[in-house]
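Here is the structure we will look at, set down as structure tokens.
Atom set for the values below is all heavy atoms of this structure, side chains included, hydrogens, waters and symmetry mates excluded.
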Amino acid sequence: MRLAALFLLATVTTALAAPFRNQTRGCASHVTAEEASAIEAQFATDFASAGLVDSVSLLAASIPVAWHVVYQSTSTSGGYVSDSAIASSISAMNSHYSGSGISFYLASTTRTSNPTWFKSANYGNSYQTAMKKALHTGGANTLNVYTVGFSDGTLGYATFPWSYSGNPTDDGVVILHSTVPGGSATNYNQGKTLTHEVGHWLGLYHVFQGGCSGSGDYVSDTPPQSTATSGCPSSQDSCSGGGVDSIHNYMDYSYDSCMNQFSQGQISRATSQSATYRGI
């Protein structure tokens, strides 16, 4: 059903949102306005072909989570994420997505001692590919979460739903182990890196996608925003007109303490994307 051109485009835009410690949340790769335009045109076709309607945003979905702990030692600093930390992460994510109709539950947990993957697996490289090929489970509706120890300051990255059919094994979210609730990643330890990356996995762009012109993040109730937010300012308005920036939105780059909302438009988009490409 999807065009071959979209498959090629998806390989370029599969992973995103690799935030960085000690500065602001930056990206491993970006979706350009041209790429987004092609993706959205295909999405409109696929949504209609699936016989879906706008009321899909009212549907409830419970998503199974396959959590993969990759560690280098059995200490917390070595990446050994405990069962209680995993439970806290899913509980936090359910709180962040409350009111959306989307919820998550732990379906399985694996623990793999592999110092190389722990330190070196990152967006697009051979280590993360090997890790995912060995550990990935389930279909398009299963959220695979991998916790690793990024050595370059990355906080996480994710795949988009439209990329699944082109590379099912690559599907999922990879996050820094210390971003779980109570972790040691300063300013990013309330579990909201996972929430942010899962937003991408559900089909959401950053709120600053596209800048001040064009279609932005393809959500009508998030104001145009030209730049990512750093820290937690009292207010920010990077585009004239349209309203102040969404500094409290989970799809911005603010500190975890600053993030507390999705918009109704984002919820509608996430459910429509998930219904179209994930069968959720």
State the [atom1]-[atom2] distance between [X] and [Y], to the nearest 0.5 angstrom.
X	Y	atom1	atom2	value
Gln273	Tyr218	CD	OH	11.5 Å
Gln261	Met251	CD	CE	13.0 Å
Ile175	Leu194	CD1	CG	4.5 Å
Phe47	Tyr277	CZ	OH	10.5 Å
His68	Thr110	NE2	OG1	5.0 Å
Ile102	His96	CD1	NE2	14.5 Å

### Task
Give the C-alpha distance, both sets of side-chain angles, the deciding distance and a yes or no for side chain to side chain contact (heavy atoms under 4.5 Å, CB included) between Asn189 and Val180.
CA-CA 6 Å; Asn189 60 356; Val180 298; over 6 Å; no
Please give me the minimum heavy-atom distance between [X] and [Y], naming the atom from each residue.
X	Y	answer
Thr137	Ala66	CG2-CB, 3.4 Å
Phe160	Leu204	CE2-O, 3.9 Å
Leu135	Asn144	O-OD1, 4.3 Å

### Task
Look at the aromatic rings of Phe150 and Tyr157 and report parallel, tilted or perpendicular, splitting at 30° and 60°.
tilted
### Query
What's the verdict on side chain to side chain contact (heavy atoms under 4.5 Å, CB included) for Phe43 and Trp162, showing C-alpha distance, side-chain angles and the deciding distance?
CA-CA 8 Å; Phe43 169 54; Trp162 56 79; over 6 Å; no
Electrostatic pair [X]:[Y] at N-O distance under 4.0 angstrom:
X	Y	answer
Arg111	Asp83	yes
Asp152	Lys119	no
Glu40	Arg269	yes

### Message
Suppose we call two aromatic rings close when their centres sit under 6.0 Å apart. Are Tyr80 and His177 close by that rule?
### Response
no
### Query
Do the two ring centres, one from Phe118 and one from Tyr71, sit under 6.0 Å apart?
no
### Query
Are Ile247 and Val219 linked, directly or through other ILVMFWY residues, by side chains that come within less than 4.5 angstrom of each other?
no
### Message
For the residue pair Asn114 / Gln72, report whether a side-chain donor-acceptor contact shorter than 3.5 Å exists.
### Response
no
### Residue pair Trp201, Ile63: steps toward the side chain to side chain contact (heavy atoms under 4.5 Å, CB included) verdict
CA-CA 12 Å; Trp201 186 82; Ile63 297 174; 4.0 Å; yes
### Task
Before giving the answer on side chain to side chain contact (heavy atoms under 4.5 Å, CB included), spell out for Thr195 and Tyr97 the whole-Å C-alpha distance, their side-chain angles and the decisive distance to 0.1 Å.
CA-CA 8 Å; Thr195 296; Tyr97 280 91; 3.6 Å; yes
### Query
Ser263 side chain to Gln266 main-chain N or O, any donor-acceptor pair under 3.5 Å?
yes
